[in-house]
Protein chains: 2
Amino acid sequence: MAKAAVRAKRSGKRDSAASRERILEAATREFAEKGYDGARVDEIADASGFNKNALYHYFGSKEKLFVAVLERAYATIRDRQSDLSIRDMDPEEGMRRLVEFTARVWVEMPEFNRLLASENLHEARHVRQSTEIPKMYNPLLETIRELLKRGVETGRFRDDIDAIDLYISISALSAHYISHRHTFEAIFQTKLLSPKRLQQRIDHAADMIVSYLRKEPG
Amino acid sequence: MAKAAVRAKRSGKRDSAASRERILEAATREFAEKGYDGARVDEIADASGFNKNALYHYFGSKEKLFVAVLERAYATIRDRQSDLSIRDMDPEEGMRRLVEFTARVWVEMPEFNRLLASENLHEARHVRQSTEIPKMYNPLLETIRELLKRGVETGRFRDDIDAIDLYISISALSAHYISHRHTFEAIFQTKLLSPKRLQQRIDHAADMIVSYLRKEPG
DNA sequence: ATCAGTTATCTAACTGGTTAGTTATTTTAT
DNA sequence: ATAAAATAACTAACCAGTTAGATAACTGAT
């Protein structure tokens, strides 16, 4: 059993909710590190400080555990995003902040990026098993719609923009850079995650989004 | 043994180059479909029509086989890209074609996208083992530099653009859309790969790149 | 040309370690 | 007491890699 897990267990009495949570934390780390197929149930059990059967007691199977991990990860992202108070900002400034903010989330939560990569290799088999995830309305998308609406109203944004395409592009410009940095670094022989290089990337992404939004002069 | 593989074997005598190639084809399919960890050596052997030890004879290990698969996939992409004759085009038109062309490659070679996703989950461990892949200069990057240079010279493009950032963005806008379509489809409850929707995406991506490149008026 | 010796190609069966999931049992809180 | 929480030991299937050997192709001497 991992030392941190032993410590966590000693500190408390039996508490099924806390046990569930500790298992989910360990599972998130393992699945994010190795992907669904690379992850090992025994490793998760050991890292969580529980016996393997505790996992089966709480989650039923490796697949269902992964579904729970994804649900928790999506919920965490959603919570982070609802912290945003940019819906009332100037549309262009708001969009720029949105790009920066989204990029920071990818940087600070690399697990989520990796879980998504693995999940898409499985054609979202587990996300589609979840009744919770599709229900989660996406506050970021709503923010985008609101900013777009006001930008168009004030005549500064072009009026033919699809919010879903824009959402995917805002995500893509930073997520792809981060998730594919290892192969890019191998090919371009350059580091992509230094603070300076990362800031350059975020500025690039924000410039790209903002210049796209602007109405052509004339 | 798979039927197609049996047919392929009957048609010819012993031919190590052809055998190697047939194994690589089967391995590419298996690794792309299931990722590195999900792929099974026995499945590849069966699909190729050879005994498992033939794979070990030619490639030594599952890892080295995967490296060979990646090298072959990168080479295929490189060959496709050198077909391009857009280096001499009008810079803006050339960039637009480049975005469209790149997107079509992702659509038509979904295996490559999936191999890259799996490989990046492994932090490019196999790509870094390859001596060939880093050596492959990227003609697409050269094309971008050439178009950028001329666009800046004629005063139509802004002059602060990093070619690598632009390359990654051109890739990202279509690759991320395609590789992450399964989770996006689950969340947005919409199909993303119909011909019409795909064309919308490509237009969106091209618009975004081109509007970014244009020098701000004034 | 043909045959012996040699090497490359390919096969069948096996091995040892791993892995998801199960069963039988004990411990703890109420 | 008893029900929930947790454990230890087990199982059956799987899987990467190996071993030992067979068959086909090549080489050079006759």
Side-chain angles (χ1 to χ4, degrees), chain A residues 1-2 5-27 29-31 33-69 118 122 125-126 129, chain B residues 1-2 5-27 29-31 33-69 118 122 125-126 129:
Chain A
M1 196 193 301
V6 173
R7 231 174 298 130
K9 283 192 73 171
R10 278 216 199 88
S11 67
K13 306 272 162 145
R14 287 193 172 193
D15 177 344
S16 66
S19 299
R20 234 186 102 94
E21 178 61 19
R22 269 218 323 286
I23 292 169
L24 280 175
E25 282 167 17
R29 276 193 299 274
E30 175 77 2
F31 282 126
E33 189 186 331
K34 313 210 183 127
Y36 178 78
D37 293 306
R40 297 294 164 239
V41 176
D42 285 296
E43 289 288 314
I44 297 168
D46 188 56
S48 73
F50 290 95
N51 183 277
K52 181 162 57 160
N53 203 41
L55 277 60
Y56 284 90
H57 172 70
Y58 285 111
F59 298 100
S61 70
K62 185 185 181 182
E63 294 233 353
K64 286 179 188 163
L65 175 56
F66 190 56
V67 172
V69 163
S118 177
H122 288 93
R125 190 173 88 215
H126 307 96
Q129 277 174 47
Chain B
M1 196 195 299
V6 173
R7 230 173 299 131
K9 282 192 75 171
R10 274 212 203 92
S11 66
K13 306 271 160 142
R14 288 192 173 190
D15 178 345
S16 67
S19 300
R20 236 185 100 95
E21 178 62 18
R22 270 220 319 288
I23 291 169
L24 280 175
E25 282 167 19
R29 277 194 298 273
E30 174 77 2
F31 282 126
E33 189 187 329
K34 312 209 183 130
Y36 179 78
D37 293 306
R40 298 292 164 242
V41 176
D42 285 295
E43 288 288 314
I44 297 169
D46 189 56
S48 72
F50 290 95
N51 184 276
K52 181 162 56 160
N53 203 38
L55 277 60
Y56 284 89
H57 172 70
Y58 284 111
F59 298 100
S61 70
K62 185 183 181 183
E63 294 232 351
K64 286 179 189 163
L65 175 56
F66 191 55
V67 172
V69 163
S118 177
H122 288 93
R125 189 173 88 214
H126 308 95
Q129 276 174 47

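Values reported hereafter were calculated over all heavy atoms of this structure, with side chains retained and with hydrogens, waters and symmetry mates removed. Chain letters run A, B, ... following the sequence lines, proteins first, then strands; residues in each count from 1.
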Using residues 52-60 of chain B as the side-chain source, report each donor-acceptor pair under 3.5 Å to any protein atom, sequence neighbours left out, with the distance given to one decimal.
none

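- For the pair A:Leu65/A:Leu24, a side-chain contact is recorded, criterion being any heavy-atom separation below 4.5 Å from C-beta on.
- Backbone-only engagement by B:Ala39 is indicated by non-hydrogen atom pairs under 4.0 Å involving sugar-phosphate atoms exclusively.
- Helix bend of the helix from C:dA1-D:dT30 to C:dT30-D:dA1: the angle between its two end axes, each built from five pairs, comes to 10° after rounding to 10°.
- Using a 4.5 Å cut-off on side-chain heavy atoms (C-beta onward), A:Lys62 and A:Arg40 make contact.
- In this model, the phosphate group of C:dA20 is approached by a side-chain N or O of A:Arg40 to a distance below 4.0 Å at OP1 or OP2.
- What separates CZ of A:Arg20 from P of D:dA4 is a distance of 16 Å, to the nearest Å.
- One interatomic measurement links the two molecules: CG of A:Leu55 to P of D:dA8, which rounds to 14 Å at whole-angstrom precision.
- The side-chain heavy atoms of B:Ser118 and B:Phe31, taken from C-beta on, include no pair separated by under 4.5 Å.
- Heavy-atom minimum distance, A:Ile44 versus A:Ile23: CG2-O, 4.1 Å.
- For the pair B:Asn53 CG and D:dT23 C1', the computed distance is 15 Å after rounding to whole Å.
- Taking the six-membered ring for Trp and thresholds of 30 and 60 degrees, B:Phe66 and B:His126 have ring planes more than 60 degrees apart, a perpendicular arrangement.
- Contacts between residues 57-65 of chain B and DNA chain C, defined by a heavy-atom separation below 4.0 Å, involve B:His57, B:Tyr58, listed by number.
- Side-chain contact check for A:His122 versus B:Lys34: every heavy-atom pair is 4.5 Å or farther apart.
- In this structure, B:Asp46 places its CG atom 14 Å from P of D:dA16, rounding to the nearest Å.
- Heavy atoms of B:Ala17 sit nowhere under 4.0 angstrom from any nucleic acid atom.
- The pair A:Glu33-A:Arg29 does not count as a salt bridge, with every side-chain nitrogen at least 4.0 angstrom from each carboxylate oxygen.
- Each of B:Lys52 and A:Asp42 has a nearest nucleotide on DNA chain C; the 5'-most of these lies closest to B:Lys52.
- Atom OH in A:Tyr56 sits about 18 Å away from atom C1' in C:dA24, given to the nearest Å.
- In terms of polar N and O atoms assigned as donor or acceptor, the side chain of B:Asn51 comes within less than 3.5 Å of the base of C:dA12 in a complementary pairing.
- Residues B:Arg125 and B:Tyr36 meet the side-chain proximity criterion, which asks for heavy atoms closer than 4.5 Å.
- The interatomic distance linking A:Phe50 (CZ) with D:dA8 (C1') rounds to 16 Å, in whole Å.
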